[in-house]
Colleague: 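To start, I am sharing the structure in question, which I have written as structure tokens.
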Number of protein chains: 2
Amino acid sequence: MLSEPETEIFDSVKEIFSNYLGEHGHRKTPERFAILSEVYSSEGHFDIESLYVQMKEKNYRVSRATLYNTIELLLDCKLVTKHQFGKNIAHFERSYKYAQHDHLICQDCGKVYEFCDPRIQNIKNTVEGLLNFKVTNHSLNLYGTCKDCHSKQESTNQPIN
Amino acid sequence: MLSEPETEIFDSVKEIFSNYLGEHGHRKTPERFAILSEVYSSEGHFDIESLYVQMKEKNYRVSRATLYNTIELLLDCKLVTKHQFGKNIAHFERSYKYAQHDHLICQDCGKVYEFCDPRIQNIKNTVEGLLNFKVTNHSLNLYGTCKDCHSKQESTNQPIN
DNA sequence: TTCACTGCAAACGCTTTGCATATGG
DNA sequence: CCATATGCAAAGCGTTTGCAGTGAA
């Protein structure tokens, strides 16, 4: 069962998506809203394949093609953001009412952490002025070893992965 | 013909690579040095396919498998860095005596610009302390519209790409 | 001599595309 | 109605792997 704020959020994103589809002449199909719902049913990162499996397990009849297509729409209306964490696989994340943040990727266990630092905004502003470049978005990933893997390495020296 | 500083640089990286191979029990094959030479023959970004084509055009007998294998070694000994600019294709860049920098990617024309900002180091330091995470490297990409495309859009509103 | 390295081609995994069918407007 | 969206399967494309032959040590 969804908690109150979650329902509230879902109502909002549904409306945003609905408006977006209307304004851009896209059809409001049940599949698109089912995918939006699935994306907003949990908080973490996901990739297309896991979303596909997740929906199949719930007996949704959905195809990968539609997932890719719909994610593209969700990216366009800013309800989802896309990340590449160094591998050739796209990761996605719901972004409505989710504070702007960046990522720490542990190269031993693959876990992804989040952090915020206002100084990134200063960097963007400086670069915009300096190079006359209009910055629309950014991606900052820090790679290294998280505290869990750091302590494990001290005893076993075995990467987990 | 190579200019003086270029030759100097190539002598240095050849030695670094040679030492690295020796210390790690890897063989010093002519292919590996040919690839290193090719990588250090120009300054910009490249991907595996263009490196392959470039070497084929010079009548090197080289395979993609060896390119991937050798790039892995060059990454390991820090003579090359790897980037993902939002697409599912890896970009590489020689990194010896090349100042640490980050990238601006124009989403209209695909051009990649470079910039430096010392504040990124401060962010890394803060996050390391805050989350007890050992940061080994980072990737900061700013996406947007470069000045060339910005002015072109004003007249034609046509993305180039 | 030996075994890591090579080239080649096939396999792999994520993503895109083609096409017949279904359906929102 | 019919243009857009869908599911499915095949194709694309960057990357990885398997294997027989090669050559560095």
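Lettering follows sequence order; numbering is per chain, from 1. Just so you know, these numbers come straight off a predicted model, no measurement behind them.
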Colleague: Using a strict heavy-atom distance below 4.0 Å, which residues from residues 30-39 of chain A are in contact with DNA chain D?
Modeller: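 Those residues whose heavy atoms fall under 4.0 Å from DNA chain D, taken from residues 30-39 of chain A in numerical order, are A:Glu31, A:Arg32.
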Colleague: Could you walk me through whether A:Glu38 and A:Lys58 pass the salt bridge (charged side-chain N to carboxylate O under 4.0 Å, His left out) check?
Modeller: CA-CA 10 Å; A:Glu38 200 58 38; A:Lys58 295 183 181 177; 2.9 Å; yes
Colleague: What residues form a salt bridge (charged side-chain N to carboxylate O under 4.0 Å, His left out) with B:Glu93, not counting sequence neighbours?
Modeller: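 With sequence neighbours excluded, B:Glu93 shows a salt bridge (charged side-chain N to carboxylate O under 4.0 Å, His left out) to no residue whatsoever.
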Colleague: Using only heavy-atom distances, determine whether the side chains of A:Thr66 and A:Asn69 contain a donor-acceptor pair under 3.5 Å.
Modeller: no
Colleague: Quick one: side-chain contact (heavy atoms from CB on, under 4.5 Å) partners of A:Phe115, sequence neighbours excluded?
Modeller: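 side-chain contact (heavy atoms from CB on, under 4.5 Å) list for A:Phe115, sorted by chain: A:Asp102, A:Leu104, A:Asp117, A:Leu140, A:Leu142, B:Ile123, B:Val127, B:Leu131.
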Colleague: Could you check A:Leu74 against A:Phe92 for side-chain contact (heavy atoms from CB on, under 4.5 Å), going step by step and ending with a plain yes or no?
Modeller: CA-CA 10 Å; A:Leu74 291 173; A:Phe92 301 91; over 6 Å; no
Colleague: Partners of A:Arg64 by salt bridge (charged side-chain N to carboxylate O under 4.0 Å, His left out), sequence neighbours excluded?
Modeller: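 Applying salt bridge (charged side-chain N to carboxylate O under 4.0 Å, His left out) to A:Arg64 gives A:Glu49.
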Colleague: Answer yes or no: are there more than 12 heavy-atom neighbours, outside B:Glu114 itself, under 6.0 Å from its atom CD?
Modeller: yes
Colleague: Sequence neighbours excluded, which residues qualify as salt bridge (charged side-chain N to carboxylate O under 4.0 Å, His left out) partners of A:Lys56?
Modeller: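 A:Lys56 satisfies salt bridge (charged side-chain N to carboxylate O under 4.0 Å, His left out) with no other residue.
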Colleague: Quick one: list whatever passes salt bridge (charged side-chain N to carboxylate O under 4.0 Å, His left out) with A:Arg32, sequence neighbours left out.
Modeller: none
Colleague: Please confirm whether the shortest side-chain N or O distance from A:Thr29 to OP1 or OP2 of C:dT23 is below 4.0 Å.
Modeller: no
Colleague: Flag the pair B:His103 / B:Phe85 as yes when their ring centroid distance falls below 6.0 Å, and as no otherwise.
Modeller: yes
Colleague: Taking atom types as modelled and ignoring hydrogens, do the side chains of B:Gln121 and B:Asn125 form a donor-acceptor contact shorter than 3.5 angstrom?
Modeller: yes
Colleague: Where does the chain A footprint on DNA chain D start and end, counting 5' to 3' with a 4.0 Å heavy-atom cut-off?
Modeller: D:dA3 to D:dT15
Colleague: With A:Asn59, which residues qualify under side-chain contact (heavy atoms from CB on, under 4.5 Å), at least two apart?
Modeller: none
Colleague: By side-chain contact (heavy atoms from CB on, under 4.5 Å), which residues pair with B:Lys78, not counting sequence neighbours?
Modeller: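 Checked B:Lys78 against side-chain contact (heavy atoms from CB on, under 4.5 Å); zero matches.
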Colleague: Between the two end axes of the helix from C:dT1-D:dA25 to C:dG25-D:dC1, each built from 5 base pairs, what angle do you get to the nearest 10°?
Modeller: 30°
Colleague: Measuring only between side-chain heavy atoms, which start at C-beta, is A:Glu128 closer than 4.5 Å to A:Lys134?
Modeller: yes
Colleague: When the distance from CZ of B:Phe17 to P of C:dC5 is rounded to whole Å, what number comes out?
Modeller: 10 Å
Colleague: What string of B, S and - do you get for nucleotides 12-19 of chain C, 5' to 3', when a contact is any protein heavy atom under 4.0 Å?
Modeller: --SBBB--
Colleague: Find the distance B:Asn59:CG to C:dG7:P and express it as a whole number of Å.
Modeller: 14 Å
Colleague: Just to be sure I understand the geometry, which residues of residues 21-28 of chain A put a non-hydrogen atom under 4.0 Å away from DNA chain D?
Modeller: A:His26, A:Arg27
